[in-house]
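The sequence lines fix the lettering, A, B, ..., with proteins before strands; numbering per chain opens at 1.
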There are 2 protein chains.
Amino acid sequence: MDLTSRPPRADASRNRNHLLATARTMLTDHGPDRITMDALADCSGLGKGTVFRHFGTRSGIFQALLDDNERAFQEGVLSGPPPLGPGASPRERLIAYGQARIRFLLEHHDIARAALDGRQPAPAGSATPLSRIHIRMLLTQLDLGPVDLDLLAIQLTAALDGPLLLYLSKSELDATTCPTEQRLTTGWQNLIHRICHP
Amino acid sequence: MDLTSRPPRADASRNRNHLLATARTMLTDHGPDRITMDALADCSGLGKGTVFRHFGTRSGIFQALLDDNERAFQEGVLSGPPPLGPGASPRERLIAYGQARIRFLLEHHDIARAALDGRQPAPAGSATPLSRIHIRMLLTQLDLGPVDLDLLAIQLTAALDGPLLLYLSKSELDATTCPTEQRLTTGWQNLIHRICHP
DNA sequence: GCAGTAAACGGACTTCACCCCGCTTACATT
DNA sequence: AATGTAAGCGGGGTGAAGTCCGTTTACTGC
C-alpha cells in the first residue's frame, strides 16, 4: 500500500506520544488557553520546532487530541452494535449517530472548540469528514427521491455540529436549568423525522 | 431609549468612516490577507490603538464591513416587497430568505469568511443573529406542532450558513462547472419543503 | 470664551503562532 | 561495526494581534 513512505522513526512516534500526554496534563491542569506552542515545548522538554513538526499549527494539537478520543467513537459507528452500528434502519442509525455525536462533542467540548481554526475551511481535522461521509452514506440508503445528497449531507452535518461548535456559547451549553443534551438530541431526532417522512 | 449613552464624538465617527473606507480600498487592491491592524493604521494615517478601539479585533474590521453591506439586505427583509419582505406566506419567505442570504454570502464571501473568529462563539457580529431571529420568527408563523423552535432556528441557520462559511472551500464554491448558487438555493428550498410538509 | 471631564488617540510593549535552517540521530546498507 | 542519508530536532527570528497608559481633544456647563 505505502511502499513509498516509510514507517515513522522510533524517536518521532515516542515524542509524539509524549507531546500528546503532556498536552492532556496541561489541559486538565490549566484549560486549553494555557496550551501554547512554547508552553507545550517547555513542559515536554522538547523544542518548539518539534511541536510544529508534529502538529503544524496550534489547533493541530487539539485536532490530534480529538482524533485520539474519536477512535472509540468511530469503532462504535463502523462496527458496534445497532442502532449506532450496522444492523438498524438508516433512519434509526441517523438518529443514533446524532445522539452519539452530540454526546461526544459535549464531552470534549473544550478540545473540539479549540480544534477549530479560523483560517481553515472545514472544522476539526479528520473528525467532520467522518460525520459528513457517514451521514451521506445513510442518506443514500434512505431513498429520498431526486435530491442533491451531497449538499443535504453537508447541511445536516452543519445542523448537527453548528449549534455545539459555533452558535451556542459555553455558558449556554452549561445551562443546567434545561438539560442541553436532551434538548439537542430531541431536536436532532425531530429534524431527521421531518427530513425523512414525506 | 439610551439616555445613559451619549452620541459618539465627531472625530470618532469620522475616523471610523475613514478606517472603513481605507479597509475597502485595501481589500479591493490586495485582498483580505494583507489587511492587518498595523497596515490599516498606517494606510489610514491613524494610530494602531485607534483601530483597536473601533473594531476590537481583526475580524471585527470585517464584521463592520459586512454590517455595512448588510444594511440594504436587512431593509429588503424587513420592509421590502414579498416574498422576501412581508406579504408572502411564511414558507415562501423562508425560501426567499435563504436564497437572498446565499446570494449575499457568495457576493461577499471573502469578507464573510474573514469576519469569522475562531475564538468567538457565534460567527459574524450582528449578521447571524439576524438570520437566527428572522428564521425563528417565520418558523413561529408556520404552526409546526410542539417543536423546540429556538433550536430548530439555530439548526436551520447552521444549515444555511455552514456550507458557505465553513464546509465548502473557496475552490469548491468557485467551481464554475456546476452552478453553485443554484445548487445551494435548490438545496435550501428542498430542506424547507421537507421541514414544513408533514 | 473658559475650565473640567470623559472619551478618543497613539504608539511602545508583550505575547504568541509560525518560519527557517544548521545540527543531530535513527535506520538501512554493506 | 562503519558509513551515508533522510528524517527529525532545536531554538532564534519575524510579523502580527492585542494590551496599557500617558497624552490629546471634542463636548458640557458656566
Side-chain angles (χ1 to χ4, degrees), chain A residues 2-23 26-27 30-65 111 113-120 125, chain B residues 2-23 26-27 30-65 113-121 125:
Chain A
D2 54 327
L3 299 168
T4 64
S5 70
R6 297 199 298 201
R9 250 166 64 168
D11 56 346
S13 63
R14 181 169 14 97
N15 282 338
R16 185 189 163 83
N17 290 336
H18 181 222
L19 284 170
L20 286 176
T22 309
M26 294 174 72
L27 195 62
H30 311 291
D33 290 349
R34 293 271 282 273
I35 297 189
T36 71
M37 297 310 249
D38 296 84
L40 180 54
D42 287 350
C43 286
S44 65
L46 297 170
K48 199 184 354 174
T50 306
V51 181
F52 273 93
R53 160 164 288 270
H54 283 289
F55 303 117
T57 83
R58 183 184 126 92
S59 69
I61 298 171
F62 296 97
Q63 288 174 27
L65 289 173
I111 302 183
R113 279 295 284 264
L116 290 179
D117 187 350
R119 302 176 195 279
Q120 225 66 26
Chain B
D2 53 330
L3 299 168
T4 63
S5 68
R6 297 199 296 199
R9 249 167 61 167
D11 56 347
S13 64
R14 182 170 14 97
N15 283 338
R16 186 188 163 83
N17 290 336
H18 181 221
L19 284 169
L20 286 175
T22 308
M26 295 173 72
L27 195 62
H30 312 290
D33 290 349
R34 293 270 282 273
I35 297 189
T36 70
M37 298 310 247
D38 295 85
L40 181 55
D42 287 349
C43 286
S44 65
L46 296 170
K48 186 155 60 144
T50 306
V51 180
F52 273 93
R53 161 164 287 270
H54 282 290
F55 304 116
T57 86
R58 183 184 125 91
S59 69
I61 298 173
F62 297 97
Q63 288 174 27
L65 289 173
R113 280 295 286 263
L116 290 177
D117 186 351
R119 302 176 194 279
Q120 225 65 26

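- Nucleotide D:dC9 holds its C1' atom 16 Å from the CZ atom of A:R16, rounded to whole Å.
- Distance check, rounded to the nearest 0.5 Å: CE of A:M26 to CG of A:D33 gives 11.0 Å.
- For the pair B:M26 CE and D:dA16 P, the interatomic distance rounds to 10 Å; values are reported in whole Å.
- In this structure, B:R34 places its CZ atom 13 Å from P of D:dG15, rounding to the nearest Å.
- Residues A:A12 and A:H54 come closest through the heavy atom pair O-CE1, 3.3 Å.
- For A:D33 and C:dT15, the CG to P distance is 16 Å, given to the nearest whole Å.
- Closest approach of A:A41 to A:S44, counting heavy atoms only: O-OG, 3.1 Å.
- If one axis is set at each end of the helix from C:dG1-D:dC30 to C:dT30-D:dA1 from five pairs, those axes are 30° apart, to 10°.
- Side-chain contact check for A:H30 versus A:I35: every heavy-atom pair is 4.5 Å or farther apart.
- The CG atom of A:L40 sits 10 Å away from the P atom of C:dA17 (whole-angstrom rounding).
- Near DNA chain C, meaning a heavy atom under 4.0 Å away, the residues from residues 44-51 of chain A are A:K48.
- Rounded to a whole Å, the CZ atom of A:R53 is 14 Å from the P atom of D:dA6.
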Scan nucleotides 27-30 of chain D against the protein and return all N/O pairs shorter than 3.5 Å with their distances rounded to 0.1 Å.
from   : atom 1 : to    : atom 2 : distance (Å)
D:dC27 : OP1    : B:A10 : N      : 2.8

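- What you find for B:H18 and B:L46 is that their closest heavy atoms are ND1-CD1, 4.2 Å.
- Put simply, NE2 on A:H54 is 17 Å from P on C:dC18, counting in whole angstrom units.
- With rounding to the nearest 0.5 Å, the separation of OG1 in B:T50 from CZ in B:R16 is 13.0 Å.
- Of the two residues contacting DNA chain D, namely B:M37 and B:R14, the nearest-nucleotide position lying further toward the 5' end is that of B:M37.
- In this structure A:D11 satisfies the side chain to side chain contact (heavy atoms under 4.5 Å, CB included) test together with A:R9, A:R14, sequence neighbours excluded.
- For residues 53-64 of chain A, the set of pairs meeting the salt bridge (charged side-chain N to carboxylate O under 4.0 Å, His left out) definition, not counting sequence neighbours, is empty.
- Atom CG of A:L65 and atom CG of A:L19 lie 10.5 Å apart (nearest 0.5 Å).
- In this structure the side chain of B:L20 reaches within 4.5 angstrom of the side chain of B:F55, judged on heavy atoms.
- The phosphate of C:dC9 (OP1 or OP2) has a side-chain N or O of B:N15 nearer than 4.0 angstrom.
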inquiry  = Run B:L40 and B:T22 through side chain to side chain contact (heavy atoms under 4.5 Å, CB included) and show every step you take.
reply    = CA-CA 7 Å; B:L40 181 55; B:T22 308; 3.9 Å; yes
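- The CZ-C1' distance, from A:F52 to C:dC16, rounds to 9 Å in whole Å.
- With a 4.5 Å cut-off on side-chain heavy atoms, B:L116 and B:S59 do not count as touching.
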Just the table, please: protein N/O against nucleotides 1-5 of chain D N/O, every pair under 3.5 Å.
none

